[in-house]
Student: 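One structure, pasted below without further comment.
Values reported hereafter were calculated over all heavy atoms of this structure, with side chains retained and with hydrogens, waters and symmetry mates removed. In what follows, chains carry the letters A, B, and so on, assigned in the order in which the sequence lines appear, proteins first and then strands, with residues in each chain numbered from 1.
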Amino acid sequence: MLISRCGLRILSKLGYLSKSLIERSKYSSSLKLCAPVTSASRYYCIKPKDPSDTLNYEPNTPKPFDDIDYDSITGGDEETLSKLKRLILEIDLLYESGEQIPSRLRVDQWQNLLQLSSRSSRMKHLKYLFLIEKKKENRVVRKLEKRAERLERYENEPKNNHIEYGLLRNSMFHRIYEKQMNSLYNYRLCEAMLYGQDILIDCSYDGHMSLKEQTNCAKQLLLLWSYNRTHKDPFNIIFCNVDREGTVFKCLSKTIPTIDDPTFPLNYTKKSYLDLYPREKLVYLTPHCNEVLKEYNHDDIYIIGAMVDKMKVEPLSLAKGKRDKIRMAKLPLDLYLDWKQGTKNLTINQMIMIMADLKIDNNWANALKHIPRRKILEVDAYQRGLIGNNHKISAKRIREDFRRNSVYSLLIKK
Amino acid sequence: MHKLYLNMCSLLRKHLQWNSPKLVRPRLTCIYTQRLLSVVTPDIIVPRKMKGRFASDEQKRIITEFVIKSSSTILDWNALKSSVLSINRGYMNEKNINGCILEICSQQKRLDLVKSFMKYVKQCSQGKPNTALELLYIRSCYKSRNELTDNEQREIQTNCQSLFKNNLHLMNSVLLEGIVMGICCTPLWRDSLKFIKASKIEDEITVNTSVCVILRAFEEAEIDLGWTLVQNMFDRHRIIPLEIVEVWFNLCEKNVNFSHCRVLEFLRDNEYIIREDLAELISNKLKQSGIKTTTTMIYYNNGKCKNCNQVLEHAEVTGSDFKMLQERFLSHVMIGNNIFNNSSPQELNDFKDFIEITAPYDVVVDGLNLAYAYRGKIGDHSLTKIVMKKFIEKKLKVLLIGRKHLVKILGKEFDFIKKNSHIFFTNDLSKDDPFVLYAAMYSGIATQILTRDLMRGHKFLLGDPTIRSIFQKWLQKHRLGLKIRPGDEVIIKEPITYLQATQKSANGIWHMPYQEFKEPGSWSKPDSSPDKWMCIQM
């Protein structure tokens, strides 16, 4: 619990590293594959501007969006400005007719909306933003409720005049600060950079993903990196084919503002994997091929495609592997698991979890535990039928029963 | 005492939840928990929190009740507003409540309430209401356009014109829709065409916009203008709304000069298959004017109508169309965005060379589909051999396409097939369907395909709707099927040759296909052939 919390908070505080780490980071900076450039531009504040001259509104009627920073959204471009005004009018109309529209939009959200071409896609995106806004509001409310509850509990607790022991009270153990955990994790990562196993993340799929998928991808990359550093034997992760202007990298650098610091233990490069390693050593992990990965080979370098395909599934990684003439492999999911539902595509952070555990002892049964349980038949699924009647239920029947039930529940919901 | 009992119950429940699997046998716990819960539950029901969708539904309910109940036009709008806004976690807030109230008023078709509410808004804001409200007002006027007086029409007209003038530089489809709706209520409805042209967004105009103009044009008996607009709308959206047909039939009843056949002719020219609701409407209207319509079916093998024994027209793909389809298929489906997705350049070149040497064929067989689609329906795995034998006995030139691992499945039969036909195997990582289609297309218009696949994915990739319909026609005419009878008797089904579209035969009998209405989520038949036909005897 404590460790995972540290792991999450760590990302924002990595600017202040301990002395020992700075010494180590000399190595890490020499290992960085890409020279640091200026950090990505971020928007902190919006200066309000009077929009009355731009749209002929009457002053007294309330308007949905009254603080729009036209300059920073359009960047002074005339064509975008007229497009933006058109967009604002469209959103106003939707807002007035009681559609689900967020009450505030940030500058980058305006820019994203401007990029969408069709009306229906804009409406979908607005609804998505609306839901996010409501979620945030609810989170705040819930937090306040919980705080009130907690305070009440503390007040009602019996008091003694003696020293109190327990969590958040006195303890015989020394408190471990986040800084200390950080230095441990970073030490491990730096060690992996020097002596550890390499793994490549191919970030060249920006153009094939929608905006939502791209942000999801960036989040998965973050999770991947933070899981790897808490692992007992981490990989040396190298992000290759990185496009610094792409949405994925921008989202990633938004969550890790210090990504370009020379002391930060994250490697990324815009080079292709073919420039980094000899072709014979590379193995592309893709679910679309026929070859099965039998065991982890420490001489090979594995590549994972940083791609989220929620909308349409195309064999892009397969095409890439074929074109570059490198070996391809997929995980032996059918051999070790009884699949229940969902696609057999895994997220990027699940892939790294599996590969990291597999590297230790080549134990597939252990490594594949990281696949979400909802996708797999329960362990006792075969035995369940034995209690009442004598015949055994096959895996296929269980799967079909499950599907039928899920279809029914969907229909009932409608 | 009661309270203590409740406490005990909740404690026990917690205890059971955590420890039941370990302590008590499962069946017994079941009984205990049930008994306890049945006593406890009535007291524990918590009122649902007023938030999110639940709250906004409540808000809507308040407004609707208010609108339905009210009889006079002088109403206390302030009270309504405050009662709605007292629920503070719904989707309606101070900013959009005006629009929401107006929307619900117009849903209930209460023009008087709409007017009184607009008066109230004007009083509150001391001046003009904003654009969005005005548009909503115009829309609600359009909904009950027959009740408008001359004064109101004039007011709407000036409103629309000023709206158009002010917002011309940021015109969008929704705004234009509102303006056109407004202008169509007035005698100046012809201006809407000018507006549409001047807005410069002719590609984006919505269906509703065109429907407004068309309805008005038909009401004014401007038939040529109306039908050209219908054609334009159909080209853009591929849709025929019910209202248009209804208005057209109403017009036919009043005026003898206009014929019912115009709708059928339109369907014939565009080869559009309508839905069941529209078909019912047409049939009802035709029955009213004394024309006999019957639901019928068409025999697959010869294309005869069950009702009138007429033979339907043949589907024909012209040479130029076919050539266009060939080119389009190669560029859009075979190669697509990335040739490596389906195949590889090396393989494609090999295949092209192979076809050039060995074409033309009589039949192209999708080997993998044959091997897998009919699995389990026939005793042993000799289906491929049986089918190939049938073709070879007819002295047809056959090309078998599959992947390399097909050899393993075929086993001993492979030698026989190899001797008697052409074979092309793609790599295990390539897709084989595009190769089948390409081979059939390349070798000429007479070649047939044997597969159970309807190739809808490839049809989608073609893009343009006209080319898609050409592809559909070509596939329907050239796709052979299999029928397996008990006793392993295999019959090759001939393709459907008749045209699956609205058509008129020589003696004046119309045949119109339509699609059955289906509940969303239910199993639906693939769209290869229309479900039902209607026989219309003039």
Student: Taking everything shown except B:Gln107 itself, do over 12 heavy atoms lie less than 6.0 Å from its CD?
Tutor: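 Yes.
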
Student: Which side-chain N or O atoms in residues 305-315 of chain A pair as donor and acceptor under 3.5 Å with protein atoms at least two apart or in another chain?
Tutor:
none

Student: How long is the straight-line distance from OG of A:Ser317 back to CG of B:Asn341, given to the nearest 0.5 Å?
Tutor: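 Here the rounded value is 9.5 Å.
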
Student: Chain B: which of A:Lys320, A:Lys83, A:Gln100 shares the most heavy-atom pairs with it under 4.5 Å?
Tutor: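 The residue among A:Lys320, A:Lys83, A:Gln100 with the greatest pair count is A:Gln100.
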
Student: Does any backbone or side-chain atom of B:Asn427 lie under 4.5 Å from a heavy atom of chain A? Answer side chain, backbone, both or neither.
Tutor: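 For B:Asn427, no heavy atom lies under 4.5 Å from chain A.
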
Student: CG/A:Leu316 to CZ/B:Phe340 distance, rounded to the nearest 0.5 angstrom?
Tutor: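 Answer for the CG-CZ pair, A:Leu316 versus B:Phe340, is 13.0 Å.
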
Student: Between A:Lys322 and B:Ser343, is there a donor-acceptor pair closer than 3.5 Å when you use the side chain of the first and the backbone of the second?
Tutor: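 Present.
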
Student: Using the test ring pair (Phe, Tyr, Trp, His ring centres under 6.0 Å), find all partners of B:Phe195 that sit at least two apart in sequence or belong to another chain.
Tutor: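 Expected list: B:Phe164.
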
Student: Please examine the side chains of A:Asn290 and B:His405, heavy atoms only from C-beta on, and report whether any two atoms are closer than 4.5 Å.
Tutor: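 Counting from C-beta outward, B:His405 and A:Asn290 never come under 4.5 Å.
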
Student: Using non-hydrogen atoms and a limit below 4.5 Å, what part of residues 122-139 of chain A faces chain B?
Tutor: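 A:Phe130, A:Lys134, A:Asn138 fall under the 4.5 Å cut-off.
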
Student: What part of B:Leu429 gets within 4.5 angstrom of chain A, counting heavy atoms only: side chain, backbone, both, or neither?
Tutor: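 Contact with chain A is through both the backbone and side chain of B:Leu429.
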
Student: Locate the shortest heavy-atom distance separating A:Ala319 from B:Asn338; write the atom from each residue and the value.
Tutor: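 The answer is CB-ND2, 3.7 Å.
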
Student: Listing request: all salt bridge (charged side-chain N to carboxylate O under 4.0 Å, His left out) pairs with a residue in residues 56-67 of chain B, at least two apart in sequence or in separate chains.
Tutor: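 Counting only pairs at least two positions apart or across chains, the salt bridge (charged side-chain N to carboxylate O under 4.0 Å, His left out) contacts touching residues 56-67 of chain B are B:Glu58-B:Arg61, B:Arg61-B:Glu65.
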
Student: State, to 0.1 Å, how close A:Leu89 and B:Leu175 come at their nearest heavy-atom pair, and which atoms those are.
Tutor: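 Looks like CD2-CD2, 3.4 Å.
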
